[in-house]
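Working notes, beginning with the structure itself.
Note that this is a predicted model, so its numbers are computed, not measured. A note on names: the letters A, B, ... follow the listed sequences, proteins ahead of strands, and every chain is numbered from 1.
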Amino acid sequence: MSAVYLHVGQCGIQIGQELWTKAILRAQEDVDLKQVLWSGESPRCLFIDGERKVIQKFSHEMKKIKHKPSVDVLSNSIRCRKGCGANWSVGYHGLAQHTFGKDLPKIKAGYGQYLVDFDSSMLDVCMEAIRVKIESCDSFSGFIGFHGLGGGTGSGWGSRLCSELCDLYPTAYRLWNVINPHSTGESPTQHYNQILSLSKLQENADGIVLFENDHILDTLAKHCTTVSLKDMNNLIADTILSIYSPVSSLTPKVGGLSIGIEPWELIRSVAPLPARKLIQPRYVDDAQFSKTPAPLIWNKLLKTLTGRLRTEIHASASKSSCVSAVCVCRGVEKEFSPNLHHLATQLKQTYSCVDWNPYPLDVWIDEAKKIPAKGKRRSKSLTVCANVTASADYCQRVLEKSKLMFNNKAYLHWYNRHGTEENDFIAAFTTIETIIKEYKET
Amino acid sequence: MNDVNSESMNNSLQMLHAMTQSIVIQVGQCGNQIGCRFWDLCLHEHAFYNEKGIYDDAVSSFFRNTDHACDIPTKIGTNQIKNLKARAILVDMEEGVINELLDGDLGEIFDNKQLITDVSGSGNNWATGNKEYGTRYKEKILDQVRKAAELCDCLQCFFVLHSMGGGTGSGLGTAILSLLADEFPYVYRFVIPVYPSGDDDVITSPYNSVLATNELTEHADCVLPINNQSLINMCAKIQQALPQKKFSKSAGGSVSSGSKRIGSDKPFDQMNNIVANVMLNMTSSARFEGSLNVDLNEIAMNLVPYPKLHYLVSSISPLYVSKDVGLYARRLDQAFNDLFSKDHQLMVSDPQRSLYLACALMVRGKNVQVSDVRHNISRLSSNLCFVNWNHEGWKTGLCNIPPVGQQYSLLALANNTCIRHAFTDLRTRFSKLYSRKAHLHHYEKVDGFDRNLFSESLSSLDNIVAQYEELEHKSGSGTPQCLPRIKVL
């Protein structure tokens, strides 16, 4: 049940950097993680960007890590030099036809031949590279994508890949992790890019995990005075690994090796309805609770998480309700295991789950395997992924802003120039309005 | 910096040509003097950060590396820098300025084929520059530009530097701009024109400026107008704040080639340094690595909501002219505040009292983090008036490499309606002359010049001012900060 990880654009690749660095370190001890993320020595990932600097920096950093299994960034990356200028249109339409010419990346099949030639377009090259990755997986089941929504390459090309993969591999899952830009503005065109991208993903992805820059910055700002982009990416990487790494409760007892169904189980549990697939992840670990004694740690984690959630829910305008949620507890020790009944009740209360779902909360437990060094504690983390109406509020905010700009015809000439007409905008607005309506009816 | 070890030589095909390149076209006396400072500071910056002298991607964005004997360019990657040549084209219709440039220390980075000169000058006449010299030198200029473009792997943009008040800069500069628009429609054209101040000594400067502004509105992708008066004010501010002992100390990164004391610089050097620093900071994200990259095409796409309203007011904070000469802001927050004050704008204007359509914030520095930037943006947004459909009209960029001798540097490029006041002033000065039909015969006697051009340019200028005014009126209601500028009669 392997997945191919696709990182698109600057945001996606920077998160990929933190994710794979952590994965390499954890895979030293965790055999399950190693065989889920790597096929032999080659990682099941691709890094795609419209400019070369970010991948180059990533590759440089990665070479400093001397562990095996490693990630050879350059042979798993596709880079061109057509930057997208924070324009979704260039990313979605323009990049597909871009031909490489001399700059062709080397895509090797198992038998060492190049599968693309100088006239191949970016789309052909990406599809070939993905095909090679799929062939190297045993029991391939789906794609996990990462990109940002505010820019051009990530949001445009990322959503284009989702559409193309939906056509080419219709039975594979597509779980897309997207990052929303700061609401105070990272780019003037971010509203258009978010709406256009989300509308495409709503049509083609099976589940959309929404990370919000604002939320991450606020969470980190509680402990540190200055937060760097690296810290933010680290938190996102921690959250992702805590959801997608193998959990012992989903690992079959017979055979003992993880089958890697955590991402797909997430989709099945949390995104049961095709119209409502926005997933909100929240993560807390015990890094800042080193003084709390071991028996109380789970309660502390739960309290912190529910405290934060309650603040958020109170701050939001509309009444919140939750369709379904998954809670992952990692680092569970036999001596001090969390009180699952208490955990479930607390979370169901905080989230006000819908009444038509008899099993709104799914709890996964991952037992800590390795005995920690003397004096240290096993790290524990609590993650909740929920399908809540707060996601629709976010859509509403962005939709209003986009419509305001659209009515004033701002920036439209840049989008028209690259193939996105007014009708595309109106169609995207309609899709997002449908999402909001569906969530409000929950 | 971009340290490439031997293992990656195997992947050398993929490592090559990572950056995009830009070509600088400097026209006229002003353009060439600014260009001279730009190349000096650019070389200085790359020399400071490139310890091993390797011709890597950052250097290649503005320079090409050639073999001494012949002009064959060497590939980007791991080679030592042998002989750098600037990606520049120098145009002037008088020989004095360019000859002085070539005689100085910077002469080696230009080669003879990149120069286009004539002897007689343009006589401060836009028509001579644009029509007469524009047609005479069209083929030669196009030839040079094409050659320079072929030597680039991936040309992203042109920078055109010239003044608006003179003849060569405004006339020939805008003629070149329209040539570029035809030949290379997909390469971005950034123009940095220097508008004349109110007390300019060239009488026909209003005519030249208005005629040239029309061309800029039609053919440029982004214009960063600059005013001499604001540069003078900024230099005065820096001089005032300097401790006295700096005057006798020999500045390591000295402002002009060779001179040790600040007092003995050539007259416009400090002012031109400020402009050069703006260019360096704008392109820093495209050249160096950073956590949030902002490429030049992103600046164009994000700051220009309507095609003709592409005039960006730039401001820089803290103020500095070179490594040892500058004002050091005590705190980062103070630097952000200064960035939006009217003393730090490169065009005489007060953006805080007008409407922002969009604003780019490019931050360079090792210790400036994303939380500092976000915190300051939310703090400053409450004092600034953004158009109602673009309340979050910020484009942020973070580059890890600070400028030489500074800890950090902030650059703001704002698409703000305050520019219409500058245009209205220009129009007033133009009308004073035009209503008397003064000096018109100089323009009309040039072959190819039509008197209608005056009225066309004037109506185009009025059109832009009207568009800006309309935007102000549409979202004018509500916030008390959006006061109209008080006219002192």
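With chain B as the partner, the residue from A/Gln14, A/Lys230, A/Glu400, A/Lys57 showing the most heavy-atom pairs under 4.5 Å is A/Lys57. Among the candidates A/Thr225, A/Thr189, A/Asn407, the residue making the largest number of heavy-atom pairs closer than 4.5 Å to chain B is A/Thr189. Counting heavy-atom pairs closer than 4.5 Å to chain A, the top residue among B/His391, B/Glu392, B/Glu298 is B/Glu392. Most heavy-atom pairs under 4.5 Å with chain A: of the set B/Ala300, B/Ala360, B/Ser378, this distinction falls to B/Ala300. For the set B/Asn302, B/Val370, B/Asn297, B/Thr396, the entry with the most heavy-atom pairs within less than 4.5 Å of chain A is B/Asn302. When each of B/Leu398, B/Val304, B/Asn388 is scored by its heavy-atom pairs under 4.5 Å with chain A, the top score falls to B/Val304.
When heavy atoms are compared at a cutoff of 4.5 Å, A/Gln10 approaches chain B solely by way of its side chain, counted from C-beta outward. If you measure heavy-atom distances from B/Phe386 to chain A, you find no contacts under 4.5 Å at all. Proximity to chain A (any heavy atom under 4.5 Å) is shown, for B/Ser381, by neither the backbone nor the side chain. Using a 4.5 Å cut-off between heavy atoms, A/Cys84 touches chain B through its backbone atoms (N, CA, C, O) alone. Both the backbone and the side chain of B/Leu292 come within contact range of chain A, with heavy atoms under 4.5 Å apart. Using a 4.5 Å cut-off between heavy atoms, A/Leu229 touches chain B through backbone and side chain atoms alike. With a threshold of 4.5 angstrom between heavy atoms, B/Asp372 approaches chain A through side-chain atoms but not through N, CA, C or O. Proximity to chain B is limited to the backbone of A/Ser183, based on heavy atoms less than 4.5 angstrom apart. Using a 4.5 Å cut-off between heavy atoms, A/Ala221 makes no contact with chain B at all. With a 4.5 Å cut-off on non-hydrogen atoms, B/Asp295 touches chain A through its side chain but not through its backbone.
Taking a cutoff of 4.0 Å between a charged side-chain nitrogen and a carboxylate oxygen, B/Arg364 and B/Glu45 qualify as a salt bridge.
The shortest distance between side-chain heavy atoms of B/Glu218 and B/Lys308 falls below 4.5 Å. Two residues are said to be in side-chain contact when any heavy atoms from C-beta on lie closer than 4.5 Å; B/Trp389 and A/His191 fail this criterion.
In summary, the aromatic rings of A/Tyr415 and A/Tyr192 are positioned with their centroids under 6.0 Å apart. Within the 6.0 Å centre-distance limit, the rings of A/His7 and A/Phe146 are counted as a close aromatic pair.
A donor-acceptor contact closer than 3.5 angstrom links the side chains of B/Tyr311 and B/Thr217. In this model, a donor atom of one side chain and an acceptor atom of the other lie less than 3.5 Å apart for A/Glu186 and A/Asn213.
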Check against side chain to side chain donor-acceptor pair (under 3.5 Å), B/Asn281 and B/Ser284: CA-CA 5 Å; B/Asn281 289 346; B/Ser284 63; 5.3 Å; no
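Counting non-hydrogen atoms of neighbouring residues, nucleotides and ligands closer than 6.0 angstrom, the CD atom of A/Gln396 exceeds 12 such neighbours. B/Asn367 CG: 12 or fewer foreign heavy atoms inside a 6.0 Å radius.
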